[in-house]
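Here is the structure we will look at, set down as structure tokens.
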Amino acid sequence: MKIIGIVLAGGKSSRMGTDKGLLPIGKETFASHIGNKLEQSGCSQVIISTNNEAYKSLGYPLIQDRHQEIGPLGGLHACMLAYPAEGYMVVSCDSPYISVSALQKMKALFIQKHHSIIGINEEREHPLIACYAGSVLSVIEKQIEIENYRMKDLIKKVMVDYLSIPSEETFNCNTPSDLKLSVDAQTMLGS
Ligand SMILES: Nc1nc2c(ncn2[C@@H]2O[C@H](COP(=O)(O)OP(=O)(O)OP(=O)(O)O)[C@@H](O)[C@H]2O)c(=O)[nH]1
């Protein structure tokens with residue numbers, strides 16, 4: 001089954017103050033680290049949803065939003081139009097701690113159920129760690145038409161199942177202090 005991996009990196013990163021997907025993690029960037037994991041989980045092709053040319057050096061195709069400034073829904077929309085497929089494994093560029101094993105489980109569940117799979121844990125649901133069915137594109141188009149760009153509303157309108165993912169894997173690095181917290185935690189684990 002053709003499943004495209006999408007690293008979502010088209011946001012403003014205003015809280016971080018620098019493009020989140022280009023932050024370093026080991027010898028990689030957040031975006032390439034996630035791209036590698038999507039490849040390892042068996043995605044047919046990995047693409048990056050961004051309007052920032054600086055991502056070119058990572059070697060993945062870059063997909064620009066067709067509707068600018070409408071958030072991640074706009075990124076998903078442009079990627080689905082550019083790469084028609086049965087499924088799309090989406091990971092936000094600020095979630096670098098997602099594991100290959102969680103992504104593999106998500107892919108297996110998607111293949112078994114044939115509808116979209118959303119990551120979830122005790123904190124909340126994670127529509128940006130998810131696998132969307134290709135059929136969701138028509139629903140996204142309707143949402144854009146009515147100018148409702150909320151991912152939470154999108155997933156209310158499509159068939160979904162949930163996959164439980166440990167909270168340390170869904171940790172979002174949105175701010176410099178989130179980043180410090182996660183670097184400190186990695187250092188402690190490594191020591
Ligand atoms: N393609 C695309 N992705 C987006 C857009 N807005 C946000 N994203 C992505 O969606 C994910 C969640 O974004 P947020 O953290 O809510 O927003 P952000 O703009 O990245 O960061 P802030 O400016 O600090 O809110 C990140 O992976 C972003 O890169 C957009 O307009 N287009």
Side-chain angles (χ1 to χ4, degrees), residues 4-25 28-38 41 43 45-58 60-85 88-99 102-103 106 116 118-121 123-132 134 136-137 139-141 143-155 165 167 169-182:
I4 303 288
I6 302 175
V7 183
L8 257 186
K12 290 200 175 75
S13 297
S14 51
R15 285 167 289 170
M16 186 63 78
T18 183
D19 198 316
K20 287 182 282 191
L22 296 172
L23 288 168
I25 180 162
E28 298 175 293
T29 59
F30 278 19
S32 58
H33 190 64
I34 293 166
N36 272 329
K37 289 180 184 177
L38 286 166
S41 70
C43 289
Q45 160 91 58
V46 172
I47 59 182
I48 302 183
S49 165
T50 181
N51 305 300
N52 181 355
E53 294 273 305
Y55 280 90
K56 244 187 193 157
S57 61
L58 305 187
Y60 294 111
L62 309 185
I63 307 299
Q64 288 195 8
D65 293 358
R66 294 185 183 217
H67 299 270
Q68 303 282 333
E69 315 257 324
I70 65 168
L73 188 91
L76 189 51
H77 171 252
C79 290
M80 285 178 152
L81 283 174
Y83 283 79
Y88 299 86
M89 192 103 83
V90 177
V91 180
S92 171
C93 69
D94 52 25
S95 302
Y97 302 112
I98 190 68
S99 67
L103 295 175
M106 188 171 271
S116 304
I118 312 295
I120 195 163
N121 49 34
E123 286 152 17
R124 61 178 179 94
E125 52 190 19
H126 294 276
L128 302 184
I129 300 179
C131 187
Y132 289 97
V136 168
L137 174 58
V139 185
I140 291 179
E141 285 178 331
Q143 293 300 99
I144 292 175
E145 249 173 64
I146 62 168
E147 299 182 8
N148 180 345
Y149 309 126
R150 289 168 56 92
M151 292 299 296
K152 280 192 171 169
D153 289 340
L154 173 72
I155 63 179
I165 301 180
S167 55
E169 292 191 26
T170 61
F171 182 80
N172 268 170
C173 288
N174 278 316
T175 65
S177 58
D178 291 340
L179 186 62
K180 183 172 182 321
L181 207 69
S182 70

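Indexing begins at 1, ligand by ligand and atom by atom, following the structure's order.
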With salt bridge (charged side-chain N to carboxylate O under 4.0 Å, His left out) as the rule and sequence neighbours excluded, what pairs involving residues 7-17 come up? K12-E69
For H77, ring-ring contact (aromatic ring centres under 6.0 Å, His included) partners two or more places apart: H67
Using a 4.0 Å cut-off on heavy atoms, what residues surround ligand 1? Order them by chain and number. L8, A9, G10, G11, K12, S13, S14, R15, K20, S49, D65, G71, P72, G75, S92, C93, D94, L128, N174
Report yes or no: does N172 contribute a side-chain atom to a donor-acceptor pair with the main-chain N or O of N174 at less than 3.5 Å? no
Without swapping roles, check the side chain of K37 against the backbone of I98 for a donor-acceptor pair under 3.5 Å. yes
Sequence neighbours excluded, the answer for side chain to side chain donor-acceptor pair (under 3.5 Å) partners of Y149 is none
Would T50 and N52 count as a side chain to side chain donor-acceptor pair (under 3.5 Å) if you check the C-alpha gap in whole Å, the side-chain angles of each, and the deciding distance to 0.1 Å? CA-CA 5 Å; T50 181; N52 181 355; 5.2 Å; no
